[in-house]
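Here is the structure we will look at, set down as structure tokens.
Side chains included, hydrogens not; waters and symmetry mates left out as well; all remaining heavy atoms used. All ligand and atom numbering here is 1-based and tracks the order in the structure.
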Amino acid sequence: MQIGLVGLQFSGKTTLFNTLAKKEIEATSKEEALIEVVKVPDNRLDQLTKIFNPKKQINATIEIFDIPGLKMSEDNKVKITSTFLNAVRNNDALFYIIRGFEDLSVSHPMGSINPLRDIEFLETEYLLSDLAFLETRIEKLKRDVLKTKDEKMKREILTLEKCLAHCEKEFPLRTLHLDENEVRLLSGYQLLTIKQLGIAINYDESSISAVESEIEKLKMKLNKSHATIIPFFAKIELELSKMSDEDQLVFMQDYGIKESALSKILRTSYEMLGLQSFFTVGEDECRAWTIKKNYTAQQAAGVIHTDFFNRFIRAEVVHYEDFIKHGSFAKCKDAGAWRLEGKEYIVNDGDILNIRHN
Ligand SMILES: Nc1nc2c(ncn2[C@@H]2O[C@H](COP(=O)(O)OP(=O)(O)O)[C@@H](O)[C@H]2O)c(=O)[nH]1
Ligand SMILES: [Mg+2]
């Protein structure tokens with residue numbers, strides 16, 4: 001899974017990236033996108049590792065992209081460059097990193113702090129980029145289809161026109177209902193508003209107590225964008241990320257921060273993308289795997305190995321909570337919490353699976 005951090009300059013993207021990646025990349029105006037593979041923390045996996053004592057623990061991972069800030073031109077427009085589009089293209093979801101902190105020593109490209117304005121600005125710019133792309137693409141396909149009379153191309157034009165009509169009404173594409181074929185067709189394109197969107201607002205430590213009501217106000221004004229809005233505190237969290245886990249918890253409590261930016265971003269991403277985790281356990285490794293919410297046991301097996309998909313027989317299933325309650329697979333069997341499931345079984349978040357295959 002790939003998550004891109006995007007936004008205006010000086011909103012705290014690189015600071016957040018450093019926090020998530022536990023890196024110390026200087027917060028400068030680096031031009032290339034930074035990428036880091038980040039472990040998804042999971043208490044349940046930590047517990048399983050304590051019990052099984054395997055040679056290794058393998059957390060699920062997520063790739064975080066710090067995409068260079070969009071620069072404003074004199075006339076308050078941003079130029080969406082091909083470098084930007086290429087950096088964003090493969091991301092599964094985007095987070096707008098919006099500046100909420102006041103700091104006179106850090107300039108704001110628009111001259112003042114106003115999260116709502118910045119969010120609407122980004123949405124509009126991305127919508128305009130999609131509109132321009134769709135128009136050009138439809139025009140070209142229409143010219144081509146005159147010559148080729150290709151049926152696939154005709155269907156493509158219909159899908160693109162459906163998107164265009166939606167954008168013309170000023171709705172982002174993520175709010176358009178698309179079927180599987182349409183999603184597949186559009187996945188190769190550089191559309192921005194089709195991506196699942198989280199909005200993360202970077203506040204100052206001084207405003208922690210006022211943040212919740214701020215966020216509620218924004219949510220009401222932004223309900224048409226279909227995005228989850230979360231607050232975070234880049235500067236303090238960067239300091240905290242350098243501490244041990246225990247110290248971090250203590251300081252977070254002192255500051256009144258209930259959940260770290262990393263945890264919020266991961267949780268929101270899993271929700272937005274409809275993802276969940278299952279586990280495999282054993283002496284060699286305890287591992288967390290990421291799958292879509294409606295995956296069957298056979299599909300989940302295929303994520304581990306394509307052979308497991310092809311030669312799937314049954315899945316042994318125990319839910320994490322049951323395992324912790326009873327303490328071992330044998331005791332789970334006695335208690336009826338251990339099950340053999342077929343390939344159509346829909347996997348639950350927190351299932352521990354053992355795939356039987358031939
Ligand atoms: N006061 C304050 N400064 C911040 C905060 N977050 C980032 N900064 C500073 O703002 C500047 C721009 O941050 P940076 O992460 O490089 O922004 P980017 O352009 O979005 O990548 C840097 O000097 C940061 O130290 C914050 O929460 N409070
Ligand atoms: Mg930066």
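- Remark: ligand 1 atoms within the under-4.0 Å shell around heavy atoms of Ala234 are 6 (N).
- Between Phe17 and ligand 1 there is no heavy-atom distance shorter than 4.0 Å.
- Residue contacts with ligand 1 for Ile236 are absent, since no atom lies close enough (heavy atoms, distance under 4.0 Å).
- Within the structure, the closest approach of Gly7 to ligand 1 does not fall below 4.0 Å when heavy atoms are considered.
- Short contacts between ligand 1 and Tyr203, defined as distances under 4.0 Å to a heavy atom of the residue, involve ligand atoms 27 (O).
- Between the side chains of Gln190 and Asp130, not a single donor N or O lies within less than 3.5 Å of an accepting N or O.
- Among the backbone and side-chain atoms of Thr15, none of the N, O or S atoms lies under 2.8 Å from the Mg ion (ligand 2).
- For ligand 1, the polar-atom distance check against Gln9 finds no nitrogen or oxygen pair separated by under 3.5 Å.
- A donor-acceptor contact shorter than 3.5 Å is absent between the side chain of Asn18 and the backbone of Thr15.
- Contact atoms of ligand 1 toward Asp204: 1 (N), 28 (N) (distance under 4.0 Å to a heavy atom of the residue).
- Under the 4.0 Å criterion applied to side-chain N and carboxylate O atoms, Glu120 and Arg117 are not assigned as salt-bridge partners.
- Under 4.0 Å is where a charged nitrogen must lie from a carboxylate oxygen, and between Glu123 and Lys221 no such pair does.
- Every heavy atom of Phe233 sits 4.0 Å or more from the atoms of ligand 1.
- Those atoms of ligand 1 that come under 4.0 Å of a heavy atom in Thr15, given as number and element, are 7 (C), 13 (O), 14 (P), 15 (O), 24 (C).
- A donor and an acceptor atom, one from each side chain of Tyr345 and Arg339, are located under 3.5 Å apart.
- In the vicinity of Lys13, heavy-atom distances shorter than 4.0 Å reach the ligand 1 atoms 15 (O), 17 (O), 18 (P), 19 (O), 20 (O), 21 (O).
- On a distance-only criterion, Asp103 and ligand 1 share at least one N/O pair closer than 3.5 Å.
- His108 and Asp118 are linked by a side-chain donor-acceptor pair at a separation below 3.5 angstrom, with hydrogens and angles left out of the test.
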Residues 198-206, side-chain donor-acceptor partners within the protein, below 3.5 Å, at least two apart:
unit_1	atom_1	unit_2	atom_2	d
Asn202	OD1	Ala234	N	2.9
Asn202	ND2	Ser11	O	3.1
Asp204	OD2	Glu102	N	3.3

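- Remark: ligand 1 and Phe101 share no N or O pair separated by less than 3.5 Å (distance only, no angle test).
- Ligand 1 has no atom lying under 4.0 Å from any heavy atom of Ile97.
- At least one side-chain heavy atom of Arg137 sits under 4.5 Å from a side-chain heavy atom of Tyr189.
- Numbered from 1 in the order shown, with element, the atoms of ligand 1 that lie under 4.0 Å from a heavy atom of Phe10 read 12 (C), 17 (O), 18 (P), 19 (O), 20 (O).
- Residue Val40 is grouped with residue Phe17 when hydrophobic side chains (ILVMFWY) are merged at heavy-atom distances under 4.5 angstrom, including chains of intermediate members.
- In terms of polar-atom proximity, defined here as any N/O pair under 3.5 Å, Asp66 makes no such contact with ligand 1.
- Checking side-chain atoms of Gln298 against main-chain N and O of Lys343 turns up no donor-acceptor pair under 3.5 Å.
- A cation-pi contact, defined as under 6.0 Å to the ring centre and within 45° of the axis, is absent between Arg311 and Phe309.
- Near Ser11, with a cut-off below 4.0 Å to any heavy atom, the atoms of ligand 1 are 17 (O), 18 (P), 20 (O).
- Contacts between Val106 and ligand 1 below 4.0 angstrom, taking non-hydrogen atoms only, involve the side chain exclusively.
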